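In what follows, a structure is listed as structure tokens, so that the remarks can point back to it.
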Amino acid sequence: MSEPKDESAAPNFVRDIIADDLQSGKHQQIVTRFPPEPNGYLHIGHAKAICVDFGLAKEFGGRCNLRFDDTNPVKEETEFVESIKEDIKWLGFEWNEVHFTSDYFEQLYAWAEDLISAGKAYVDSQSPEEMKANRGDFGTPGTNSPHRNRSVEENLDLFRRMKGGEFDNGAHVLRAKIDMASPNMNLRDPSLYRILKAHHHRTGDTWCIYPTYDFAHGQSDAIEHITHSLCTLEFEAHRPLYEWFMDNLEVPATPRQIEFARLNFTYTVMSKRKLRQLVEEGHVGGWDDPRMPTLSGMRRRGFSPAALRNLCERVGVSKRNSFIDISLLEHAVRDDLNEHSPRYMGVMKPLEVVLENFPEGHTEWFEAPQFPGREDGGGIRRIPLTKTVLVEQDDFLEVPVKKWRRLAPGMEVRLRYAALITCKEVVKNGAGEVVRLICTWDPEAKGGNPADGRKVKGTLHWVSAEHGIPASVQNYDRLFTVESPGSGDTNFLEQINPDSLETLEGARVEPALAEAAAGTRIQFERLGYYCFDQDSKPGALRINRTITLRDTWAKAGKPG
RNA sequence: AGGGGCGUCGACAAGUGGCUUAAGUCGCCAGGUUUUGAUCCUGGUAUUCGCAGGUUCGAAUCCUGCCGCCCCUGCCA
């Protein structure tokens, strides 16, 4: 039944509530739902909601439905339904049933008439401006609408004519008759139905009146017998209204709404508006740009679903508004990728190294483990060593700094898994730039193990110049330079990190990667985790850097 | 101004009157191992729980007052 929760699982007050409800017998089985509005792409914030909604249901042997909250036909919808489903599946969750709030329009309408018949709802014909003015203020009670006391018959007639399409948008609205003086603004006769002569992505032109979120959500939960309706903090003030409907309508079940804090990260933006602006103004390549916090962007970047799930678990669920340090995300990603990414070598900015005593035209093959840490190495791949190899430009310094353990004149280093080489000569071009290193290799140290047991501290990644395969590499970094973009009166667009994307066209990778499929996640040793882009193909490799390895050397502030 | 919610280490977050002179995770610092300056391992990192009083033998946990932050006046969700 319920899986034992991971010891590393962070606390989660919702989990405690559910456990209590199950133990007390209030529920035999729990049912939750994930209710996205199909009007945009899912982002990392939604990932938390998905993990909570689906994860808790799974943990307790319950069920979780996917429900598209499509009560507003004005906001283009159908195109997002598939991407949302895809993202949820990618994250690793399955829904029990898929529903659309629009499937319940008939029932919702019937309930609206019930409310009218019971004298608990009325058709208001004030203009939006009048309604706003009469709603009062936080400090002052609202004023009853002049239409508040229309008869049941008149209300029914008006409401049916609204449904029949007799009126223009905005001419009338159905409101609940609750309390215009309530300190909770949501209870000052909230709108239940509005006239919207728009084409709906599923119901087409069947309706011209649509229920509001408040009138639709809880009742939809009830129809699906949801036991725990989990949502974010901003709906807290709506809970009394949610419950008012449960109390005043003949609903088949009475779900409980529980609110928790949404997920926020430093160094990124999460609002739909800002994300859209980034895309529409071309600051990024699209919704799935690897720098975007959208699930499609993160997927393309190479983040694994398990990493995201682990992150959500570690972050916990509480009611505190908080900004999670992005390093927590980065850690979760490295943690999972370290465990699951096979190792390869690739040189980003090549520097030629000629092994002067290596036989001309000869190729020496070595076997290297895919997972060096594992006992059996997790499989192997073969890598060729030739007279000319490529190493990273950053791994050579003509004048080494202290503690330098890479290449420098006279220094011996290891070419990982293959050889020990010593730098003998530095060749420069007319501009004084280093273009080539002349080195010798130790034929007695094949594989990198010296016959005399001498210690060679530095180990470099490398690629055979003859076998190395060209690749276009995209290095991604944080999209913003400040912790909370757009805070205060700053413009978040001016805080975009100008170096969030670096494209390297001269990279060369080891031949074992020639046929790598799009979506493949690997580690380039000593550099970081990478993912073959969705557009990558043999002959035109395109590789996205997901995240660098931790680099305490760079952090120590080494020069150059 | 009214209502709702929240304030524990740099960031998350346990703890709900004594076993807490406050878990864990990330980060950071210091060591060790290492053919990735990665991983891994070890140790350090809040005498203090928004502030001020009070109750109590005893409080982060109870009471009172204050301060701070977030949400609510869509025919958005």
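Sequence lines set the chain letters: A, B, ... in the order given, protein chains first and strands last, and positions in each chain run from 1. If you're wondering where the values come from, they're calculated on a predicted model, not measured in any experiment.
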Quiz item: Within the modelled atom types, does a donor on one side and an acceptor on the other bring the side chain of A:Arg406 and the base of B:rG37 under 3.5 Å apart?
Solution: yes
Self-check item: Distance-only donor-acceptor check, side chains A:Ser327 and A:Asp325, under 3.5 Å
Solution: yes
Quiz item: Using atom P of each nucleotide, how far apart are B:rC76 and B:rA52 to the nearest Å?
Solution: 48 Å
Quiz item: Just checking A:His217: base, sugar-phosphate only, or nothing, at a heavy-atom cut-off of under 4.0 Å?
Solution: nothing
Quiz item: So which of A:Phe105, A:Phe68, A:Phe100 actually passes side chain to side chain contact (heavy atoms under 4.5 Å, CB included) with A:Arg202?
Solution: A:Phe100
Quiz prompt | A:Tyr41 ring center within less than 6.0 Å of A:Phe80 ring center | solution = yes
Quiz prompt | Check: B:rU36 base within 3.5 Å donor-acceptor of A:Gln523 side chain | solution = yes
Quiz item: Atom CG of A:Asp16 and atom P of B:rA13: how far apart are they, to the nearest Å?
Solution: 14 Å
Quiz item: Could you give the distance from CG (A:Asp335) to CG (A:Leu311), rounded to the nearest 0.5 Å?
Solution: 11.0 Å
Quiz item: How far, in whole Å, is B:rU8 from B:rC51 if one measures between their C1' atoms?
Solution: 14 Å
Self-check item: Nucleotide forming a Watson-Crick or wobble pair with B:rU64, both distances under 3.5 Å
Solution: B:rA52
Quiz item: Separation of A:Tyr210 atom OH from B:rG74 atom C1', in whole Å?
Solution: 18 Å
Quiz item: Is there a Watson-Crick or G-U wobble partner for B:rU33 with both distances under 3.5 Å, and if so, which one is it?
Solution: none
Quiz item: Rounding to the closest angstrom, what is the interatomic distance between B:rU21 and B:rA60 at atom P?
Solution: 9 Å
Quiz prompt | Check: B:rU36 base within 3.5 Å donor-acceptor of A:Arg343 side chain | solution = yes
Exercise. Answer with base, sugar-phosphate or nothing: what part of the nucleic acid does A:Glu483 contact at a heavy-atom distance below 4.0 Å?
Key: nothing
Quiz item: Contact class for A:Asp137 vs. all strands (heavy atom < 4.0 Å): base, sugar-phosphate, or nothing?
Solution: base
Practice problem: Please measure how far the P atom in B:rC40 lies from the corresponding atom in B:rC26, and state the result in whole Å. | Solution: 9 Å
Exercise. Could you pick out which residue, A:Ala237 or A:Ala418, lies toward the 5' side of RNA chain B when each is mapped onto its nearest nucleotide?
Key: A:Ala237
Quiz item: Nearest of B:rC26, B:rA77, B:rU39 to any side-chain atom of A:Arg194?
Solution: B:rA77
Quiz item: Can you check B:rG74 for me, syn or anti if syn means within 90° of 0?
Solution: syn
Exercise. Specify the separation, in whole Å, of atom CZ of A:Arg526 and atom C1' of B:rU34.
Key: 14 Å
Quiz item: Base, sugar-phosphate alone, or nothing: which one does A:Gly448 contact when heavy atoms must sit under 4.0 Å apart?
Solution: base
Exercise. Scan A:Thr71 against the nucleic acid and name what it touches under 4.0 Å (heavy atoms): base, sugar-phosphate only, or nothing.
Key: sugar-phosphate
Exercise. Please determine, for the side chain of A:Arg135, which listed nucleotide (B:rA13, B:rA77, B:rU73) has the closest atom?
Key: B:rU73
Quiz item: Considering only the P atoms, how many Å lie between B:rC41 and B:rU33, rounded to the nearest integer?
Solution: 16 Å
Practice problem: Could you check which of B:rG3, B:rU25, B:rG4 has an atom nearest any side-chain atom of A:Leu328? | Solution: B:rU25
Quiz item: Between A:His172 and A:Phe371, which is nearer to the 5' end of RNA chain B once each is assigned its nearest nucleotide?
Solution: A:Phe371
Exercise. Give a yes/no verdict on base stacking between B:rG37 and A:Trp553: centres under 5.5 Å, planes within less than 30° of parallel.
Key: yes
Quiz prompt | Which nucleotide in B:rA13, B:rG2, B:rG5 has an atom nearest any side-chain atom of A:Ser318 | solution = B:rA13
Self-check item: Whole-Å gap separating P (B:rU39) and CG (A:Leu527)
Solution: 14 Å
Quiz item: Does the side chain of A:Arg550 get closer than 4.0 angstrom to OP1 or OP2 of B:rC28 through an N or O atom?
Solution: yes
Quiz prompt | Protein-nucleotide distance (A:Arg239, atom CZ; B:rG3, atom C1'), rounded to Å | solution = 13 Å
Self-check item: Base-pairing mate for B:rG58 - Watson-Crick or G-U, with both contacts under 3.5 Å
Solution: none
Quiz item: If you measure only the distance, is there a donor-acceptor pair under 3.5 Å linking the side chains of A:Asp124 and A:His172?
Solution: no
Quiz item: Side chain of A:Ser127, backbone of A:Glu130: donor and acceptor closer than 3.5 Å?
Solution: yes
Practice problem: May I have the distance from A:Leu549 (atom CG) to B:rU34 (atom P), rounded to whole angstrom? | Solution: 19 Å
Quiz prompt | Nucleotide of B:rA13, B:rA77, B:rU36 approaching A:Pro372 most closely (side-chain heavy atoms) | solution = B:rU36
Self-check item: A:Lys403 side chain, from C-beta outward: closest of B:rA77, B:rG37, B:rC72
Solution: B:rG37
Quiz prompt | Nucleotide paired to B:rC69 in any strand shown, Watson-Crick or G-U, under 3.5 Å | solution = B:rG5
Practice problem: Please check if any side-chain donor atom of A:Asp189 sits under 3.5 Å from a side-chain acceptor atom of A:Tyr122, or the reverse. | Solution: yes
Practice problem: To the nearest Å, give me how far apart CZ (A:Arg320) and P (B:rG50) are. | Solution: 10 Å
Quiz item: Can you find a donor-acceptor N/O pair under 3.5 angstrom joining the side chain of A:His461 to the base of B:rA38?
Solution: no
Exercise. Using a heavy-atom cut-off of under 4.0 Å over every strand shown, decide if A:Arg405 touches base, sugar-phosphate, or nothing.
Key: base
Self-check item: Distance in angstrom units between A:Phe68 CZ and B:rC76 P, rounded
Solution: 21 Å
Practice problem: Consider the side chain of A:Val173, meaning its heavy atoms from C-beta on, and name the nucleotide among B:rC75, B:rU73, B:rC6 that approaches it most closely. | Solution: B:rC75
Quiz item: Looking at the side chain of A:Met185, which of B:rC28, B:rG4, B:rC72 is the nearest nucleotide?
Solution: B:rC72
Quiz item: Expressed as a whole number of Å, how far does the C1' atom of B:rG17 sit from that of B:rU61?
Solution: 6 Å
Practice problem: Indicate, with a heavy-atom threshold strictly under 4.0 Å, whether A:Asn449 touches base, sugar-phosphate, or nothing. | Solution: base
Self-check item: A:Phe366 ring center within less than 6.0 Å of A:Tyr417 ring center
Solution: no
Practice problem: Rounded to whole angstrom, note down the C1' distance from B:rA14 over to B:rG24. | Solution: 7 Å
Quiz item: Between A:Arg262 and A:His46, does any side-chain donor sit less than 3.5 Å from a side-chain acceptor?
Solution: no
Quiz item: Considering Watson-Crick and G-U wobble pairs with both distances under 3.5 Å, what does B:rG10 pair with?
Solution: B:rC26
Quiz item: Base, sugar-phosphate alone, or nothing: which one does A:Met345 contact when heavy atoms must sit under 4.0 Å apart?
Solution: nothing
Quiz item: What does B:rA77 pair with, Watson-Crick or G-U, if both distances are under 3.5 Å?
Solution: none
Quiz item: A:Tyr193 on top of B:rC75's base, within under 5.5 Å and under 30°?
Solution: no
Practice problem: Indicate whether the side chain of A:Tyr242 and that of A:Gln219 have a donor and an acceptor atom separated by less than 3.5 Å. | Solution: no
Quiz prompt | P spacing across the pair B:rA59 / B:rG50, given as an integer number of angstrom | solution = 15 Å
Quiz item: With a non-hydrogen cut-off below 4.0 angstrom, is A:Ser182 in contact with a base, only sugar-phosphate, or nothing?
Solution: nothing
Quiz item: Picking from B:rG74, B:rC70, B:rG2, which would you name as closest to the side chain of A:Lys132?
Solution: B:rG74
Practice problem: Determine the contact category for A:Ile324: base if any of its heavy atoms lies under 4.0 Å from a base atom, sugar-phosphate if only primed atoms, P, OP1 or OP2 are that close, otherwise nothing. | Solution: sugar-phosphate
